[in-house]
Each structure stands twice: as structure tokens, then as C-alpha cells.
Amino acid sequence: QVQLVESGGGLVQAGGSLRLSCAASGRTFSQYCMGWFRQAPGKEREFVATISRNGGSTFYADSVKGRFTISRDNAKNTVYLQMNSLEPEDTGVYYCAADIRASFSGLTTAPSLYDYWGQGTQVTVSS
């Protein structure tokens, strides 16, 4: 079993920055691929970013590429999402997720392939 707890959301003006954190417990953190997803009101959950088990590989949705950075600290069992140049379209609930079956350097973008999810943290970007 894996428990994931997100933090760091809030209200920010367009152009601002936020850093989300996701603390994991329950299994060896370095054994799973991590991802960030978001869901806006009335929309489906969408992929944002993913990072491999050792942090050596990352992949981003086109909508956030160049503005968001995913990273992880396996010693602290935590994955981060640094969000810069935020836009009102980035508003939503942000979720972290763990894929415990990914290969060492594998990346996972499909939400259906993730095994565990956090409860989410709200990010609101005002114009």
C-alpha cells in the first residue's frame, strides 16, 4: 500500500509560481514512477508530468512544457512540481500518482496505469 499526500496548492496571480509537493509512504519510494495530473471543473483528469524511478527521465504535457518542472528526492520520499508562469488555464485540482509496476527508466502518462493517487491540492490562477 502507498499513501500519497499533496501540498503546496493555493491562489496565485497569472504569471506567478507555485511549488507542489507529494509525500509518499508505505513502500520504497524509489521503486515507482511518479506522475502529476490535474482536473479542472467539468473536465476530465489530464496528464501533466511524469518522472522515472531514478529521476533520470521526465516527460511533460505540451501545455506545460517549458513552464513546469517535475523532480523527486528519493531520500525524502517526495516528488515536486515547480510551476512557473502560471496561467488561468492551469487552474484545477492537482493530483500526484504512483505507478508501482514501471520499469527503472520508464515513464507513465496514462492515468489508468497508475496504482495509487493522492487526495489532490487546489491550484487557482487568477487573471
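We number each residue from 1, following the sequence as shown. Note that these values count all heavy atoms, side chains included, but never hydrogens, waters or copies made by symmetry.
- The distance from the CG atom of Asn54 to the CG atom of Asn74 is 8.0 Å, given to the nearest 0.5 Å.
- A donor-acceptor pair under 3.5 Å is formed between the side chain of Glu6 and the backbone N or O of Gly120.
- With hydrogens and angles disregarded, a donor-acceptor distance shorter than 3.5 Å links the side chain of Arg67 to the backbone of Ser85.
- Distance OG/Ser21 to CG/Leu81: 9.5 Å, rounded to 0.5 Å.
- Panel note: side chain Tyr60, backbone Ile70; a donor-acceptor pair is recorded below 3.5 Å.
- The shortest side-chain heavy-atom distance between Ser63 and Glu89 does not fall under the 4.5 Å cut-off.
- Side-chain atoms of Tyr95 and Gln39, non-hydrogen and from C-beta on, do get closer than 4.5 Å to each other.
- Annotation: the span from Leu107 atom CG to Ser52 atom OG amounts to 5.5 Å, rounded to 0.5 Å.
- In this structure, Gly9 and Val123 approach most closely via the heavy-atom pair CA-CG2, 4.1 Å.
- The CD atom of Gln119 sits 7.5 Å away from the SG atom of Cys96 when rounded to the nearest 0.5 Å.
- In this structure, Leu4 is a member of the same hydrophobic cluster as Leu20, with clusters built from ILVMFWY side-chain heavy atoms closer than 4.5 Å.
- Note: Phe104 CZ to Gln31 CD = 11.0 Å, rounded to the nearest 0.5 Å.
- For Leu86 against Leu18, the heavy-atom pair with the smallest separation is CD1-N, 3.8 Å.
- Using a 4.5 Å cut-off on side-chain heavy atoms (C-beta onward), Leu11 and Gln122 make no contact.
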Decide yes or no on side chain to side chain contact (heavy atoms under 4.5 Å, CB included) for Thr108 and Arg101, but give the supporting numbers first. CA-CA 10 Å; Thr108 307; Arg101 294 165 289 177; over 6 Å; no
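- In terms of heavy atoms, Ser127 sits closest to Ala14 at CA-CB, 4.4 Å.
- In this structure, Lys65 places its NZ atom where more than 12 heavy-atom neighbours from other residues, nucleotides or ligands lie under 6.0 Å away.
- Not one N or O on the side chain of Thr78 forms a donor-acceptor pair closer than 3.5 Å with the backbone of Ala23.
- Rounding to the nearest 0.5 Å places OG of Ser71 at 11.5 Å from CE of Met34.
- Among residues at least two apart or in separate chains, ring-ring contact (aromatic ring centres under 6.0 Å, His included) pairs with a member in residues 4-40 are Phe29-Tyr32, Phe37-Phe47, Phe37-Tyr114, Phe37-Trp117.
- In terms of hydrophobic clustering, with Ile, Leu, Val, Met, Phe, Trp and Tyr side chains grouped at heavy-atom distances under 4.5 Å, Phe59 and Tyr94 are assigned to different clusters.
- Annotation for Asn84 and Ser17: closest pair OD1-OG, 2.9 Å, computed over non-hydrogen atoms.
- Here the side chains of Met83 and Val12 are not in contact, with every heavy-atom distance at 4.5 Å or above.
- The side-chain heavy atoms of Thr50 and Asp99, taken from C-beta on, include no pair separated by under 4.5 Å.
- Put simply, the side chain of Asp115 does not reach to within 4.5 Å of the side chain of Val2, judged on heavy atoms.
- The closest side-chain heavy-atom distance from Arg53 to Ser30 is not below 4.5 Å.
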